Number of protein chains: 2
Amino acid sequence: MNAMLTSSQRQLLRAISESGPLSRTEMAQMLGLSKAAMSGIARDLIDLGVLHETEIVYGQGRPSVLLDLHPECAFFVGISLLEDPAPMILSDLNGKIIARQAMPLSRDPKVIAEAITEGLPSLLEAHPDAKEKLSGIGVALSGFVDESQANCVQSTLLGWQDVPLAKIIRERSGIETFIENDAKAVAVSEKLFGSAREIQNFSVVSLGDGIGCAHFIDGKLYRGNHGGAGEIAHCTIEPGGSPCRCGKRGCLDTVASMKAIKEMSRAEGLECTSLSDIENEASTGNAAAIRILHRAGSALGLAIANLIQMNDPGLILITHVEGSFEGLFGTVVNQAIETNVLPRYAGQTPIRIKRVDGDVWARGAASIAAHNFLIGSHTS
Amino acid sequence: MNAMLTSSQRQLLRAISESGPLSRTEMAQMLGLSKAAMSGIARDLIDLGVLHETEIVYGQGRPSVLLDLHPECAFFVGISLLEDPAPMILSDLNGKIIARQAMPLSRDPKVIAEAITEGLPSLLEAHPDAKEKLSGIGVALSGFVDESQANCVQSTLLGWQDVPLAKIIRERSGIETFIENDAKAVAVSEKLFGSAREIQNFSVVSLGDGIGCAHFIDGKLYRGNHGGAGEIAHCTIEPGGSPCRCGKRGCLDTVASMKAIKEMSRAEGLECTSLSDIENEASTGNAAAIRILHRAGSALGLAIANLIQMNDPGLILITHVEGSFEGLFGTVVNQAIETNVLPRYAGQTPIRIKRVDGDVWARGAASIAAHNFLIGSHTS
DNA sequence: TTGATTTGTTCACTTTCTGAACTTAGTGTC
DNA sequence: GACACTAAGTTCAGAAAGTGAACAAATCAA
């Protein structure tokens, strides 16, 4: 790959990824280098096809030429092992999804590697460019992944323990492969492709069936000492509350996950199959629905407030697949955050809500590969 | 100062500070440099008086010479603005306290600068060496400090808002000065002088009158986006609980701080003036004392468990000034941590308890100056 | 058209690091 | 006690990356 990029070159790519197109002079200032040095670095990256000149900005004096990442300089495949069939997407360096298909899920790593390898030709079929410039595969899964983004330390869902998945896929497919925990992958995609590009410290809370969370700190994904940073789902929110499948009681997951909300409404005899249904019930005054949404919303809000207190992030990004945040649930969450954060902080931490489609995980997976391509995982 | 140290030189100093004495060959490996480069860097730092040769380790082949920081190459003054009179200490590069005195506390920054400047001669009197090599002043205070460690953004205790304290002290005394929040200063001193030297990710929970907390992430103090990372004291632990002076309800501070514990016992009619007193009462079976310690301990344990879940640190260091952790309080804290952390994590995160003396804050303050001297604050 | 202004390039030179050869200071063996 | 063996640390020529100053280029403003 481009494993032989200079440290300065990588720094530059990161700066552009964060700030968008920049002139050479701006880049030089940003990295603290001389214009002379920058000139050379930019030339090399343009020759490599990674950067290209885009807009020309006219001002006083010679106009500046903005350089940007060349979106078609590299392509990535992202696979989500969270659903069956497993979504498989092809993305460019901007995170744009160019092709999508699905493959059967399996618990056998070798079968997965096989399915990916077999799926590649049809995914790439209509895109000869991408075929040639395929630069990495990313895999998102539910579980713990080690720092090298190569080994799955443990996954309850897949029944794994110390599975060197990246290596298995790389050896079978011949493509550089990285794996990552689902929530962390989503955070990386928001940093690289999404709405947190320029933010150095932020946390993403992703609401799917379960509740995921990941932190970026100083512009870097923070994995924690055992890869467990962000396990907000198993923070105790209702001490002595309902038992959780993790073995504890009162975990956030038991009250605020979509799964829990649906289970609670089923237990209350509500015929609701989605968050929207429950929201509808609540808006017509159904007491049980209101109670459930209140309980879930306060729990999630409290957990997020505690996160803000502990880590003081510059942004909380809540991504949700289902329903909307405009109903009771969202309102309660926001209220609970406000009332449980230091008054002098309240409103200081932007909370951004983002509805995402079913491609989040696969796009997140692709972003892991893209991140390794662009910046490398072990840059400071 | 030694503001003109190379980036490599600073990296080396950091490595030694983390790992203790190292041979040149080990250092070269650690920083990923050639032995040749290391040889030169070490020579320069020895000539500067920052490093010195210590032990000689015999093995096969030529014995290796371990290099260590020269503890007397620089001295620092640390002042804690948390008490009146304010402790003022002189420390070497190992964090050893060489002299100590006190100065009157004031809410007027200029008066503080004056008091420090006037206090210096007597503090340095018996130590001509330190006089000559005084390399920085550090100040610890309760409140928020900005990233440059120069300005106090806000301090309720001191009634400040945007006070450029470091500049004021520097201009009056002529010595490079840095300020920091109390809990963050303690964390830095544990990283630099204490029991967390070699740990990259850890959190310090410091129990004094209040509850402070600070995080090290990737070997760096993490301040948060508004300098508020670690404000665990105002995490909501008992939703709808007692009102806190911050304006919210049920903050950890209202149940588990020494102040809160003492207030609760007073409210219960116990004649206890210290944690030990209450522990004694509890050990004789006093139900109120037991109840109070249980409540406080569970709250603190829950907060720490949530911290572990969120950030997965490699170590939790609990420092306490008063009492002991061997009684009921400590036991309950540990239990609460265990029961509120993901079972697969329990026991994975070491919890270290450390009893500290009244010098913690001043030593922490000195460590801020030392850290800036050694490593500089803006190194990656 | 001319001057002002700012971007970006070129080039000679400095700084920092590398690789290979070499020196140094021990241990282990006979 | 001499002699190989081993690993640490130094030296030195040369490569790599960056700097500063001079310069070329491209526009605006008058």
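Proteins get letters first, then strands, A, B, ... in listed order; numbering begins at 1 in each. In this text the structure is predicted, and so the values were computed from the model without any measurement. Only this structure's heavy atoms are used, side chains among them; waters, hydrogens and symmetry mates stay out.
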> Are A:Y222 and A:F216 near enough that their ring centres are under 6.0 Å apart?
Replying inline: no

> What is the 5' to 3' range of DNA chain D, first to last nucleotide, that sits under 4.0 Å from any heavy atom of chain B?
Replying inline: D:dT6 to D:dC12

>> Whether A:R223 and A:E147 form a salt bridge (side-chain N of Lys/Arg under 4.0 Å from carboxylate O of Asp/Glu) is what I want to check.
In response: no

My understanding is that only residues two or more places apart in sequence, or in another chain, count here; which of them pass side-chain hydrogen bond (donor to acceptor under 3.5 Å, both in side chains) with [X]?
X: A:T54; value: none
X: B:K184; value: none
X: A:T25; value: none

> Any salt bridge (Lys or Arg N to Asp or Glu O under 4.0 Å) pairs touching residues 49-61 of chain A, not counting sequence neighbours?
Replying inline: A:R24-A:E53

>> Can you tell me how the ring of A:H70 sits relative to the ring of A:H52, calling it parallel under 30°, perpendicular over 60° and tilted otherwise?
In response: perpendicular

List every contact pair, protein side and nucleotides 2-6 of chain C side both N or O, where the distance is under 3.5 Å.
residue: C:dT6; atom: O2; partner: A:R62; partner atom: N; Å: 2.8

Tell me, please, which residues at least two apart from [X] pass salt bridge (charged side-chain N to carboxylate O under 4.0 Å, His left out).
X: B:K133; result: B:D129
X: A:K354; result: A:E190
X: A:D218; result: B:K220

> Tell me, what's DNA chain D's dot-bracket, Watson-Crick or G-U with both distances under 3.5 Å, | for other-strand, [ ] crossing?
Replying inline: |||||||||||||||||||||||.||||||

[X] [atom1] to [N] [atom2], straight-line distance once rounded to whole Å:
X: A:E55; N: C:dT7; atom1: CD; atom2: P; value: 15 Å
X: A:I56; N: C:dG8; atom1: CD1; atom2: C1'; value: 13 Å
X: B:L5; N: C:dT15; atom1: CG; atom2: C1'; value: 16 Å

> Between B:N372 and B:E176, do the side chains contain an N or O donor and an N or O acceptor separated by less than 3.5 Å?
Replying inline: no

> Does one side chain, of B:N201 or A:N225, offer a donor that lies under 3.5 Å from an acceptor on the other?
Replying inline: yes

>> Give me the atom names and distance for the closest heavy-atom approach of A:I56 to A:P63.
In response: CG2-CB, 3.7 Å

> What closest approach, in Å, do B:S367 and B:F193 show between heavy atoms, and which atom pair accounts for it?
Replying inline: CB-CE1, 3.4 Å

>> With the threshold set at under 4.0 Å for non-hydrogen atoms, list the residues of residues 17-28 of chain B touching DNA chain D in residue-number order.
In response: B:S23, B:R24, B:T25

>> Quick check on contacts: within residues 30-45 of chain B, what sits under 4.0 Å from DNA chain D by heavy-atom distance?
In response: B:K35, B:A36, B:S39, B:R43

> For DNA chain D, whose closest nucleotide is more 5', that of A:T6 or that of A:G59?
Replying inline: A:T6

> Is there a side chain to side chain contact (heavy atoms under 4.5 Å, CB included) between B:L315 and B:T349 once you walk through the steps?
Replying inline: CA-CA 6 Å; B:L315 168 72; B:T349 306; over 6 Å; no

